[in-house]
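For this chain, numbers begin at 1 and follow the sequence in order. A quick note: this is a predicted structure, and the numbers were derived from the prediction, not measured. Quick note: numbers below take in every heavy atom, side chains included, and nothing from hydrogens, waters or symmetry partners.
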Amino acid sequence: SRLVRRRKVSRVNDMKAGFTRPTSAIRMVTNSTSIIWARAMIGCDTKGDELMTSYHLIGHRLCPYVQRVAMVLAQNGITHKRTDIVLDAKPDWFLGLSPTGNVPVLVVDDGRTLFEAAAICQYLEAIAGKSPYATDAYDLAFAQGVVAIGDKLLSLTADMIYRDLS
């Protein structure tokens with residue numbers, strides 16, 4: 001009874017504090033990700049044409065780094081076109097856009113390109129008027145830790161996908 005009461009108080013405090021406890025923060029990120037996953041997969045918008053610039057995401061449907069960018073696009077309601085390519089037979093036009101030859105690539109309407117998922121996500125958050133960074137030093141450090149965990153999971157996922165495809 002006393003332990004149950006402590007857990008309830010702890011959960012209420014988590015909610016008041018904006019989910020600052022590690023397990024709550026990870027649970028919140030996981031739930032948010034699953035909510036927008038389907039919309040991100042098909043490249044649809046969620047809020048309409050709020051930004052006048054057009055965006056074209058080029059990637060591979062199974063690439064976790066492309067999915068990260070697609071989720072940020074969907075979460076921020078940024079309308080975009082999506083093209084998935086075959087990684088074993090990358091088209092010449094794609095190789096002309098990507099300096100590394102890797103996905104994802106985001107093409108902005110004036111022909112400029114961005115590459116590397118983390119850089120693209122930071123750009124998208126900036127144009128959406130949202131700061132991807134916390135202002136409190138602890139919250140910033142914790143958020144960076146959660147992102148590091150996500151990067152490791154993405155890397156393991158990519159290794160499994162590409163290992164099975166070769």
Side-chain angles (χ1 to χ4, degrees), residues 19 22-47 49-51 53-134 139-166:
F19 297 98
T23 55
S24 299
I26 291 169
R27 189 178 315 115
M28 182 182 74
V29 169
T30 303
N31 289 341
S32 297
T33 300
S34 61
I35 291 170
I36 61 171
W37 177 256
R39 286 180 270 173
M41 282 296 291
I42 59 172
C44 68
D45 66 82
T46 56
K47 295 181 185 173
D49 292 323
E50 295 164 34
L51 303 170
T53 306
S54 65
Y55 300 97
H56 183 184
L57 176 62
I58 303 166
H60 183 270
R61 67 182 184 87
L62 297 178
C63 178
Y65 300 101
V66 175
Q67 297 314 320
R68 175 191 281 182
V69 173
M71 287 186 275
V72 171
L73 284 160
Q75 186 174 27
N76 288 304
I78 299 172
T79 303
H80 63 285
K81 176 182 174 185
R82 178 161 176 178
T83 301
D84 289 315
I85 62 170
V86 177
L87 296 179
D88 291 339
K90 296 173 186 163
D92 290 337
W93 61 264
F94 172 76
L95 294 173
L97 295 173
S98 175
T100 63
N102 296 327
V103 294
V105 170
L106 183 71
V107 181
V108 182
D109 66 347
D110 59 7
R112 295 179 297 165
T113 59
L114 293 171
F115 54 97
E116 295 298 325
I120 295 170
C121 291
Q122 185 176 355
Y123 167 79
L124 293 171
E125 294 286 348
I127 64 163
K130 297 179 182 176
S131 173
Y133 305 107
D139 291 342
L140 175 61
F142 181 77
Q144 289 173 335
V146 171
V147 168
I149 291 170
D151 282 341
K152 287 179 185 175
L153 291 173
L154 284 173
S155 181
L156 290 171
T157 303
D159 288 346
M160 289 187 323
I161 290 170
Y162 299 125
R163 180 190 64 219
D164 292 343
L165 293 176
S166 21

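Looking at every heavy atom in both residues, R68 comes nearest to G150 through NH2-C, 4.3 Å. Nearest heavy-atom pair, T79 versus Y55, reported as atom, atom and distance to 0.1 Å: O-CD1, 4.0 Å. The shortest non-hydrogen separation linking L114 to I120 is O-CD1, 3.6 Å. Looking at every heavy atom in both residues, R61 comes nearest to D84 through N-OD1, 3.5 Å. Residues V103 and H60 share a closest heavy-atom pair of CG2-N, 4.2 Å. When all heavy atoms of P104 and L57 are compared, the pair lying nearest together is CB-CD1, 3.9 Å.
Residues M160 and L156 have side chains not in contact (no heavy-atom distance under 4.5 Å, counting atoms from C-beta outward). No side-chain heavy atom of N102 sits under 4.5 Å from any side-chain heavy atom of Y65. A heavy-atom distance below 4.5 Å is not found between the side chains of K81 and S54. T83 places none of its side-chain heavy atoms less than 4.5 Å from the side chain of F94. The side-chain heavy atoms of R82 and V69, taken from C-beta on, include no pair separated by under 4.5 Å.
Without hydrogens or angle criteria, T157 side chain to L153 main chain gives a donor-acceptor distance under 3.5 Å. The main-chain N or O of I78 is found under 3.5 Å from a side-chain atom of H80 such that the two form a donor-acceptor pair.
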Test side-chain contact (heavy atoms from CB on, under 4.5 Å) on D159 and S155 and set out the steps. CA-CA 6 Å; D159 288 346; S155 181; 4.1 Å; yes

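Rounding to the nearest 0.5 Å places CE of M71 at 12.5 Å from CG of L124. Note that the CG atom of N76 and the CD atom of E125 stand 4.5 Å from one another [nearest 0.5 Å].
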